[in-house]
Each structure stands twice: as C-alpha cells, then as structure tokens.
Amino acid sequence: MVREKIMDISLRRGFVWPSFEIYGGVRGFYDYGPLGALLKKNIEEVIRRHYIIEEGCFEVSSPTLTPEDPWVASGHVKSFSDVIVECEKCGEPYRADHLVAEHTGIQTDGMNISDLKEKIRDAGIVCPKCHGPLGDPYDYNLMFKTYIGPGKRKITAYLRPETAQTTYLLFKRLYAAGRERLPLGVLQIGHSFRNEISPRQGMLRLREFTQAEVQFFVDPNNKNSDRFDEVADLQIRVWSGEMQARSSEPKEMSLREAVESGITKTQFIAYSLGRAWSLFERMGIKGSRLQMRQHKDDERAFYSSDTWDIEYISQDFGRIELVGVSDRTDYDLRSHMELSKVDMRVNKEGRKFIPHVVEVAYGIDRPFYCTLESSYVEQTGEKSRTYFKFPRDVAPYRAAVFPLVNKDGIYEKARTVYETLKNLGFYVQWDSSGSIGRRYARADEVGIPFCVTIDYDTLRDSTVTVRDRDTMKQERVHIKQLASRLS
Ligand code: GAP
C-alpha cells in the first residue's frame with residue numbers, strides 16, 4: 001500500500017508525526033515535522049498566490065476561540081452534530097452513518113436518528129471491536145466547548161469548527177476597506193476544531209486541522225464571473241446530483257458545458273470549481289485523480305442553493321473531499337444581522353440588499369496528504385529509487401548543497417554557496433556526510449528538486465554541478481547563474 005510507504009518516509013524523515021506520542025497519543029491529532037511544516041507552508045503560499053495575488057482577495061486572521069453568539073446565529077450550537085452510537089460492552093464510539101454504510105453498503109446521506117437505528121437493528125450490526133451490543137444512536141455536537149474568563153463572569157465559548165463564520169463577522173469592515181466592491185473575496189487560513197467521533201483515517205479526519213476558506217461576497221443579481229473564460233475549457237470529471245441519483249458514473253465535460261446545460265447552477269460556482277481544480281494541480285495533485293461531485297438534495301445544507309466538492313480518488317482511501325464550493329445565499333449574513341442587530345445590508349445603485357456568499361472551503365491537511373500520494377514515484381530498473389515529484393514551489397527545500405569532499409577548501413566554498421542561497425531567500429539543505437550517491441538518494445526521498453555539488457572544478461572556474469531530481473541529469477552552472485537556475 002502506498003499509504004504505508006508514505007507514512008514510513010513521513011515518520012522517518014519528518015513530514016508528519018502522531019501528536020502526544022510519548023504519552024501514548026490521542027487520535028485525530030498530528031504534528032508537522034521539519035519537512036512537513038515547510039511543505040504545508042508552501043501549500044498555503046500557493047493558495048495565497050492563487051487568491052490574494054491573482055484574484056485580488058483580502059486575507060484576514062481571526063481568533064480560534066470564540067464566544068457563543070456567532071455559533072447560535074450560524075446554527076452550529078443547534079445542529080452541528082453527527083449521530084453517534086456506542087458499544088454497551090466496551091464503550092467504543094462510532095459514527096452511526098459510517099458504521100451502517102460500511103456494513104450494508106447503502107448510502108446513508110440524509111438519514112436521521114430513527115433511520116439509522118432501524119438500519120442497525122435490521123442489519124444486526126454489533127460492535128466491530130468486541131462484538132458487544134450497540135446502544136441507541138443519539139445526536140452529538142462536534143464543537144469543543146469551553147469558557148472565557150473566570151468565575152461568575154465567565155462566558156460560554158467554542159473553538160471554531162470552521163473559519164467561515166469568523167470572516168462573516170468582519171463583513172461590514174471588509175466591505176468598507178474594499179471600497180464597497182462586489183464581488184469581494186476574503187481568504188482566511190487558520191486552525192479549526194471538531195470533536196470528531198472516531199477519527200480513524202490518519203490525517204484525513206482530524207480533531208484540529210487547518211482550513212483555507214475563501215468567502216466571495218456577491219450581488220445576488222449577478223452570479224457570473226468576469227474571468228469565467230479562463231477556466232471554461234477545462235475538461236473535468238463531473239458527477240452531478242442527478243447522475244448519482246440514477247447511479248450513473250461521473251462524466252468528463254468542460255466547465256462551459258456544465259454551465260450551459262445547467263448542471264452547475266451559476267457561472268460563479270463553475271468558475272470557483274475550475275480555479276480550485278487548477279490550484280490542486282499547482283500543488284502537485286494529479287488532475288486525473290480529481291472529480292467534482294455535486295451534493296444531492298438530501299445531503300445539501302438547507303440554506304445552500306448549490307454545493308459541490310472536489311474529491312481526490314486516493315489509491316488507498318478512495319474518495320477524499322478536498323474542498324467544498326457552496327452558494328450559501330444570504331443565510332449567514334442574515335442570521336448574524338438578526339442576532340447581532342447590526343445591519344449587514346449594502347446600498348448599491350439604489351438597491352439595499354444582503355450580499356450572497358459563495359464559499360470555497362479548503363482543508364490543508366487532506367490536500368497535504370494527497371500531494372504526498374500524487375507526487376510519490378517508485379522508479380524501477382537499473383536506477384531504482386523512490387522520490388516525491390513535488391512542484392518546485394511546493395517542495396520543502398528548493399535545493400540541497402553538497403561539498404564533494406570535506407577538505408582542500410571545498411567544504412568552505414560549499415558553505416559559502418549554501419549561505420549565499422539562504423541569504424537570497426531559498427530554503428536549502430546542507431548535507432556533507434556519506435557518498436554523493438547516498439546524498440542524492442536522501443534528497444530525492446524527500447522531494448528536493450535540485451542538488452548542487454561543489455567540487456574541485458568549482459575552485460578553478462566557479463561552476464557547480466546542478467542535478468535535476470526528475471531527470472537525474474547534471475549540468476554545470478556558474479555560481480552567478482545558480483539563483484536564477486533554481487528559480
Ligand atoms: N465552512 C465550510 C466547511 O467547513 P467542510 O466541508 O466541513 O465545510 C471544508 O470543510 C474542508 O475542510 C473539507 O473539504 C476538508 O478538506 C476540511 N476538513 C473538514 N473536516 C476535517 C477534518 N475533520 N479533518 C481534516 N480536514 C477537514
């Protein structure tokens with residue numbers, strides 16, 4: 001299984017590690033090690049380039065610990081829950097819909113507590129761990145609850161389960177800062193928390209994770225995009241709600257076709273999906289493994305008029321939702337307006353209205369894993385090796401610098417090259433131990449795109465050897481041209 005090979009490299013070399021390991025660990029938490037932290041940072045930077053630089057979005061950053069009111073308004077206090085069922089013998093908790101789906105193969109989207117109770121009874125499902133009987137299913141709120149402040153003055157609070165709501169609370173200020181333009185896009189990258197019932201899929205279902213959610217505030221009378229033509233011809237595997245209802249396979253089509261045939265309800269949604277698609281390719285996730293799947297009517301949140309996920313088809317995990325794109329209508333701003341009594345309407349060309357929100361909600365941890373899986377290459381034959389074919393801007397390090405030998409002034413020269421590259425802002429790794437072959441193998445294993453070797457010729461003519469990770473070809477480059485070659 002690729003997953004095991006990736007996890008082996010990951011643990012050994014420092015991409016991700018299970019959290020709190022020396023105390024036995026807790027499911028649903030991962031630490032990013034030295035390489036993982038850099039890879040994650042680079043994935044976030046690709047997102048920033050895509051939305052802040054190219055789309056002109058704003059970025060905000062809000063507290064993760066929030067008072068209760070926003071979550072009352074958004075509906076999370078009342079209904080951000082999953083149905084849980086516990087073993088009466090060993091106490092193991094399960095997500096009831098997942099348990100039923102795994103045992104019966106039926107689709108459980110949209111099932112309520114009594115449907116799930118009935119299915120568990122009819123299928124005779126018992127605890128998969130100890131075969132004990134299961135108790136009655138019940139609703140379980142996924143938010144972590146806590147308090148802000150001491151004693152009688154303390155107020156109820158929650159760790160945010162999504163970044164979105166914290167962005168909506170800023171709408172009035174953002175609208176003014178953006179000189180009252182619509183559409184107005186706002187990105188927020190930060191941690192979110194969900195007390196998931198039984199996170200069993202490694203880093204795909206976490207209790208603390210990073211989201212990068214973009215909220216586009218749009219005019220409800222204009223859900224087109226000026227830039228739709230940029231993505232219109234992208235050929236994408238599309239799985240509409242209607243196709244799923246008649247059990248038909250996803251179909252490849254252009255986004256233009258998806259809009260013109262009414263499969264996506266608005267052009268803005270199609271545009272957002274196209275942009276998300278190209279973003280994943282930029283991260284190194286294979287487009288051939290992606291599909292866009294529409295939420296069926298019984299699955300979609302009641303306030304949403306159209307919701308799509310982009311899913312990655314993983315070799316070991318099957319379908320993984322990487323991003324949700326949703327037309328949330330005016331639900332969120334209206335709800336905050338009603339509870340806070342702050343007017344969220346805008347005044348445009350004689351019309352007073354609450355903007356609608358089209359949300360593009362990325363997680364970071366799942367794309368992180370899929371980047372690893374998509375980039376992992378096992379090369380067989382004479383030159384067998386394994387490497388990560390990360391795109392250059394995503395790779396944790398841009399280059400590794402090696403002195404051919406640690407004597408005759410070569411070590412010192414290599415240190416100078418290494419320091420110069422660092423001063424120019426490159427993330428570079430130093431490796432001076434073992435044979436050059438072993439150093440190449442170590443650099444390949446963690447996906448470093450270039451290896452720079454300083455040798456005797458360097459002392460004579462100021463050139464270095466640059467070896468390309470993917471082709472393994474080597475070329476001589478003058479030290480003065482090295483930075484532009486690595487760029
Ligand atoms: N604001 C909308 C929202 O939060 P979501 O589909 O629940 O929508 C968006 O989450 C993205 O966040 C998902 O597509 C996924 O990538 C990521 N995500 C959600 N729950 C997660 C979890 N428990 N662990 C890791 N990533 C998660």
Side-chain angles (χ1 to χ4, degrees), residues 16 18-19 26-30 32 40 43-44 47 60 62 64 66 70-71 73-76 79-82 95 98 109 140-144 158-169 186-217 269 272-273 276-277 279-280 283 285 290-295 299-304 306-312 314 317 319-329 331-333 335-336 357-371:
V16 289
S19 301
V26 179
R27 271 192 286 189
F29 296 91
Y30 270 92
Y32 285 86
K40 181 169 181 271
I43 287 174
E44 291 171 5
I47 295 180
V60 294
S62 303
T64 53
T66 50
W71 308 107
S74 66
H76 282 78
S79 54
F80 190 62
S81 53
D82 282 334
R95 236 182 96 161
H98 287 180
D109 293 332
Y140 164 84
N141 195 295
L142 296 178
M143 285 196 296
F144 286 96
Y158 294 94
L159 287 172
R160 67 178 180 192
E162 60 173 15
T163 66
Q165 300 302 326
T166 51
T167 302
Y168 302 144
L169 305 185
V186 184
L187 166 71
Q188 175 149 199
I189 301 181
H191 282 207
S192 293
F193 304 81
R194 297 182 190 176
N195 205 353
E196 298 283 354
I197 293 171
S198 55
R200 287 202 180 83
Q201 288 180 299
M203 58 183 309
L204 301 181
R205 191 165 295 281
L206 298 174
R207 287 174 164 142
E208 176 171 355
F209 53 99
T210 305
Q211 288 188 311
E213 299 192 299
V214 196
Q215 314 301 326
F216 286 100
F217 299 95
I269 287 272
S272 302
L273 286 162
W277 189 280
L279 176 60
F280 288 132
M283 288 177 192
I285 296 177
L290 295 173
Q291 67 182 21
M292 52 185 250
R293 187 184 75 82
Q294 190 174 34
H295 283 206
E299 181 189 356
R300 200 174 57 237
F302 70 91
Y303 51 79
S304 161
D306 197 13
T307 300
W308 291 79
D309 293 336
I310 293 187
E311 298 179 333
Y312 173 81
S314 158
F317 292 104
R319 285 166 35 203
I320 300 173
E321 175 203 324
L322 300 183
V323 65
V325 176
S326 185
D327 186 333
R328 301 178 65 120
T329 65
Y331 173 78
D332 302 282
L333 291 186
S335 306
H336 290 303
V357 170
V358 176
E359 180 187 46
V360 186
Y362 296 92
I364 297 288
D365 312 85
R366 291 181 189 175
F368 176 99
Y369 177 79
C370 297
T371 295

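Whatever order the structure lists ligands and atoms in, that order sets their numbers, starting from 1.
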For [X] against [Y], the heavy-atom pair lying closest together:
X	Y	answer
R328	Q165	NH2-NE2, 3.4 Å
L206	F29	CD2-N, 4.2 Å
R194	F209	NE-CZ, 3.5 Å
P367	F280	CG-CE2, 4.0 Å
A212	I364	CB-CD1, 3.9 Å

Rounded to the nearest 0.5 Å, the CZ atom of R205 sits from the CG atom of D365 at a distance of 12.0 Å
Looking only at protein heavy atoms, identify the closest one to [atom] and say how far it is in Å.
atom	value
atom 17 (C) of ligand 1	G363 CA, 3.6 Å
atom 20 (N) of ligand 1	R194 NH1, 3.3 Å
atom 15 (C) of ligand 1	R366 NH1, 3.6 Å
atom 13 (C) of ligand 1	E321 OE2, 3.2 Å
atom 18 (N) of ligand 1	F209 CE1, 3.6 Å

Within the 4.0 Å heavy-atom shell around [X], which atoms of ligand 1 are there?
X	value
R328	1 (N), 2 (C)
A164	1 (N)
L204	24 (N), 25 (C)
E359	1 (N), 2 (C)
L322	14 (O), 16 (O)
A361	2 (C), 9 (C), 11 (C), 14 (O)

Distance-only polar pair, side chains of [X] and [Y], donor-acceptor under 3.5 Å:
X	Y	value
R200	S198	yes
S192	Q211	yes
Q215	T167	no

When you look for heavy atoms under 4.0 Å from ligand 1, do you find them on the side chain of V323, its backbone, both, or neither? backbone
E213, portion touching ligand 1 at heavy-atom distance under 4.0 Å: side chain
Counting heavy atoms only, name the option from Q211, E162, E208 that's nearest to atom 10 (O) of ligand 1.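 Closest candidate by heavy-atom distance is Q211.
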Any nitrogen or oxygen of [X] lying under 3.5 Å from a nitrogen or oxygen in ligand 1? Just yes or no.
X	answer
P367	no
L206	yes
E196	yes
Y362	no

With under 30° as parallel and over 60° as perpendicular, where do the rings of F144 and F193 fit, or are they tilted in between? perpendicular
The criterion is side chain to side chain contact (heavy atoms under 4.5 Å, CB included); which residues satisfy it with E321, sequence neighbours excluded?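 Expected list: D309, R366.
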